[in-house]
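Just so it is clear, the model here is predicted, and its values are computed rather than measured.
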Amino acid sequence: MAKESVKARERKRIATVARYAEKRKALKAASDYEGLDKLPRNASPVRIHNRDKINGRPRGYMRKFGISRVTFREMALAGKIPGVTKSSW
């Protein structure tokens, strides 16, 4: 499980990207790269890293569910994800 500070940092990055999205779009359309350089680094959407919504795990992220593979397996076996069943053949 990720530290709370790491999860908070990621949430802060997401908020910063949302705050500067329109300004970045306008600067890119105008090809004003010097203006883009003056924006905060965390205003770039490339710096966002997908994390598990439940425990913040950064690896093995499944976009469709928003959780990591480990959490997905636990929840699927417990029957907490609708429409997902354990496969056997």
Side-chain angles (χ1 to χ4, degrees):
M1 191 152 148
K3 293 184 345 184
E4 288 300 316
S5 60
V6 174
K7 291 194 262 183
R9 188 184 318 143
E10 198 64 35
R11 284 192 298 269
K12 191 174 177 183
R13 278 190 188 132
I14 291 168
T16 306
V17 167
R19 188 178 323 124
Y20 286 98
E22 290 299 319
K23 191 170 187 177
R24 281 183 61 82
K25 190 175 181 182
L27 289 170
K28 279 188 142 189
S31 298
D32 184 9
Y33 300 111
E34 291 173 3
L36 278 171
D37 283 343
K38 292 178 182 172
L39 293 179
R41 281 189 177 180
N42 286 335
S44 174
V46 173
R47 293 178 63 97
I48 295 176
H49 196 286
N50 290 329
R51 286 186 172 271
D52 187 332
K53 300 286 186 253
I54 296 168
N55 59 16
R57 188 174 200 276
R59 298 185 179 196
Y61 180 80
M62 300 173 78
R63 283 186 184 186
K64 185 173 181 181
F65 301 98
I67 55 179
S68 69
R69 61 181 177 79
V70 177
T71 308
F72 175 80
R73 187 164 193 263
E74 291 170 358
M75 291 177 73
L77 289 174
K80 294 181 179 177
I81 302 176
V84 176
T85 56
K86 186 176 183 298
S87 168
S88 62
W89 60 90

Check the pair M1 / R57 against side chain to side chain contact (heavy atoms under 4.5 Å, CB included), numbers first and verdict last. CA-CA 6 Å; M1 191 152 148; R57 188 174 200 276; over 6 Å; no
Pair T71-D52, side-chain donor/acceptor within less than 3.5 Å: yes
Answer with yes or no whether the hydrophobic clustering places L27 together with Y33; edges join I, L, V, M, F, W, Y residues whose side-chain heavy atoms lie under 4.5 Å apart. yes
Is there a side chain to side chain contact (heavy atoms under 4.5 Å, CB included) between R24 and S44 once you walk through the steps? CA-CA 8 Å; R24 281 183 61 82; S44 174; 4.1 Å; yes
Check: E10 side chain, H49 main-chain N or O, donor-acceptor pair, under 3.5 Å: yes
Would you check if E74 and K80 make a side-chain contact, meaning some heavy-atom pair closer than 4.5 Å? no
Atom CZ of R73 with >12 non-hydrogen neighbours under 6.0 angstrom: no
Output the distance between atom CD (E34) and atom NZ (K38), rounded to the nearest 0.5 Å. 6.5 Å
How many angstroms lie between atom CZ of R13 and atom CG of N42, to the nearest 0.5 angstrom? 5.0 Å
Side chains of M75 and V84, heavy atoms from C-beta outward: is any pair under 4.5 Å? no
Nearest 0.5 angstrom please: R51 CZ to R11 CZ, how far? 10.5 Å
Distance col, row F65:CZ vs I81:CD1, nearest 0.5 angstrom, shows 5.5 Å
Shortest non-hydrogen contact from Y61 to G66? OH-CA, 3.4 Å
K12 vs R9, test: side chain to side chain contact (heavy atoms under 4.5 Å, CB included). Steps then yes/no. CA-CA 5 Å; K12 191 174 177 183; R9 188 184 318 143; 5.6 Å; no
Using the rule given for side chain to side chain contact (heavy atoms under 4.5 Å, CB included), can you reason through I67 versus N55, listing the C-alpha separation, both sets of side-chain angles and the distance that settles it, and then say yes or no? CA-CA 8 Å; I67 55 179; N55 59 16; over 6 Å; no
Of all heavy-atom pairs linking A2 and G56, the shortest is CB-O, 3.5 Å
So does R59 have more than 12 non-hydrogen atoms from other groups sitting under 6.0 Å from CZ? no
